[in-house]
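Order of the sequence lines sets the chain letters (A, B, ...), proteins ahead of strands, with each chain counted from 1.
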Amino acid sequence: MDFSKILTKWYLQNKRDLPWRNTVNPYYIWLSEIILQQTRVNQGLAYYEKFIVTFPTVFDLAKANENTILNLWQGLGYYSRARNLHFSAKYIVNEQDGKFPTTYKDILKLKGVGDYTASAIASICYNEPHAVVDGNVYRVLARYYGIDIPTNSTEGIKLFKKLAQELIDLKDPATFNQAIMEFGAIQCKPKNPDCTICPFQNSCKAKEEKRVEILPIKDKKIKVTKRFFNYIVLISPTDRTLLNQRKQKGIWMNLYQFPLIETSKEIDISELIKMDELHEITNTSNNDISLFNKKPIIHKLSHQHLTVKFWVINSGKEIENSIPISEFDKYPVPILIHNFAEAYF
DNA sequence: GACCCGTGGCA
DNA sequence: TTGCCAAGGGT
């Protein structure tokens, strides 16, 4: 039996029952694929269910406010996915008469859709034989063929796409694509795969050479920037607080947060009260300041380590442009801010 | 081509 | 505790 045959047989016996596997509606498949980018199935599942209930059609998604969409996306990370999803929904409705693109080439034009996602949608919904290459596929192929070319190098990206494209079952690309990803997720796992029950145990190059644990190779470690955040949580006598929207490019774009004072190192209260930025925010000589978290919160993002302090200030008077604390949940916020609010409010 | 973008699970 | 990595894509 060839690779595709063995793989498909394994898949039909071992696949999970996932909601997006019961439809070929391109809108639903698109939603699921965007949600699952760089995200584990278990983490994305609840978000998929929320989205299809809240936005049953692309028209519902297109006409929603961005805040509503970001609010539903809250906690999932990589928020540009949500902004691009909204942008593309509006494009489909306003410029394509609400009709989802039907070819790989046209699907690829959607913002937030790259080669992987276009291949997934085109194969699952329209039976186009474009091979998907995600983290699972890199791992399966690197091990099966014993390839130590870095998967994130230009050469690697090209090579693995070519290999996947050669292997794909032209008669049923949808099943092949989902099978190889599922195989990578369940059987050919990153750590401690049980090769004794693998259907490829007699043909896998990495198994033969005892290199399963070291493959695939990935080069370049990402540089992590350290930043120091001081959030100023103003509380008015009538239980109102101040939120700002992050408009600049960078992390958490378009999400909300408390007024932020960023410093080059950790600061204490004596340093804080000397800062002009603080007085611009409080609009008064400060009086009632307390630190919420005695030990700074270390919030780790893929490229940044944040050291965060929440400074709570009772303003003693009304706050301009403030919002009722009771309406806090209406605003999309980073999980860091959400966790603070959960604990404090 | 290099760098940026979140969050959570796991060993 | 730390590093890895997850159904990637944009700039």
Item to complete: In whole angstrom, give me the gap between the C1' atoms of dG1(B) and dG9(C).
Response: 15 Å
Worksheet item: Which pairs with one or both residues in residues 64-78 of chain A pass salt bridge (Lys or Arg N to Asp or Glu O under 4.0 Å), sequence neighbours excluded?
Response: none
Worksheet item: Between D2(A) and K5(A), is there a side-chain N and carboxylate O pair less than 4.0 Å apart?
Response: no
Discussion item. Reading DNA chain C from 5' onward, which residue's closest nucleotide shows up sooner: R21(A) or L108(A)?
Written reply: R21(A)
Item to complete: For dC5(B) and dC5(C), measure between their C1' atoms and round to the nearest Å.
Response: 15 Å
Practice prompt. Sequence neighbours left out, what pairs pass salt bridge (Lys or Arg N to Asp or Glu O under 4.0 Å) with at least one residue falling in residues 183-193 of chain A?
Written response: none
Worksheet entry | dA7(C) and dA11(B), which share atom name C1', separated by this distance in whole Å | 23 Å
Response to the item:
Counted 5' to 3', the first and last nucleotides of DNA chain C within 4.0 Å (strictly under) of a heavy-atom of chain A are dG3(C) to dT11(C)
Worksheet, complete the sentence: salt bridge (Lys or Arg N to Asp or Glu O under 4.0 Å) pairs touching residues 119-129 of chain A, sequence neighbours excluded, are none
Worksheet item: Restricting to pairs with a member in residues 299-310 of chain A, which pass salt bridge (Lys or Arg N to Asp or Glu O under 4.0 Å), not counting sequence neighbours?
Response: E266(A)-K309(A)
Practice prompt. Under 4.0 Å from any atom of DNA chain B, heavy atoms only: list the residues of residues 131-144 of chain A that qualify, in numerical order.
Written response: none
Fill in: Which residue lies more 5' along DNA chain C, comparing H305(A) with G114(A) via nearest heavy atoms
H305(A)
Worksheet, complete the sentence: The side-chain contact (heavy atoms from CB on, under 4.5 Å) partner of F258(A) among L242(A), L243(A), V333(A) is L243(A)
Fill in: dG6(B) versus dC4(C) - spacing of their C1' atoms, nearest Å
15 Å
Worksheet item: Hey, does D115(A) reach any base, or is it just sugar-phosphate, or nothing, if we go heavy atoms under 4.0 Å?
Response: sugar-phosphate
Practice prompt. For T117(A), answer base if it contacts any base atom (sugar-phosphate contacts may also be present), sugar-phosphate if it contacts only those atoms, and nothing otherwise; contact means non-hydrogen atoms under 4.0 Å.
Written response: sugar-phosphate
Item to complete: Please identify each residue that fulfils ring-ring contact (aromatic ring centres under 6.0 Å, His included) with Y126(A), with sequence neighbours left out.
Response: none
Discussion item. Test of understanding: with salt bridge (charged side-chain N to carboxylate O under 4.0 Å, His left out), list the residues that count as partners of D172(A), not counting sequence neighbours.
Written reply: none
Item to complete: Check ring-ring contact (aromatic ring centres under 6.0 Å, His included) between Y138(A) and all other residues, then give those that pass, not counting sequence neighbours.
Response: F160(A)
Worksheet entry | Residues that F228(A) engages under ring-ring contact (aromatic ring centres under 6.0 Å, His included), provided they are two or more places apart | none
Response to the item:
The contact string for nucleotides 3-11 of chain B, one letter per nucleotide 5' to 3', using protein heavy atoms under 4.0 Å with B, S and - for base, sugar-phosphate only and none, comes out as -BBBBB---
Worksheet item: Counting any heavy atom closer than 4.0 Å, what does W73(A) reach on the DNA or RNA strands: base, sugar-phosphate only, or nothing?
Response: nothing
Discussion item. Applying ring-ring contact (aromatic ring centres under 6.0 Å, His included), can you list everything that pairs with F87(A), at least two apart in sequence or on another chain?
Written reply: none
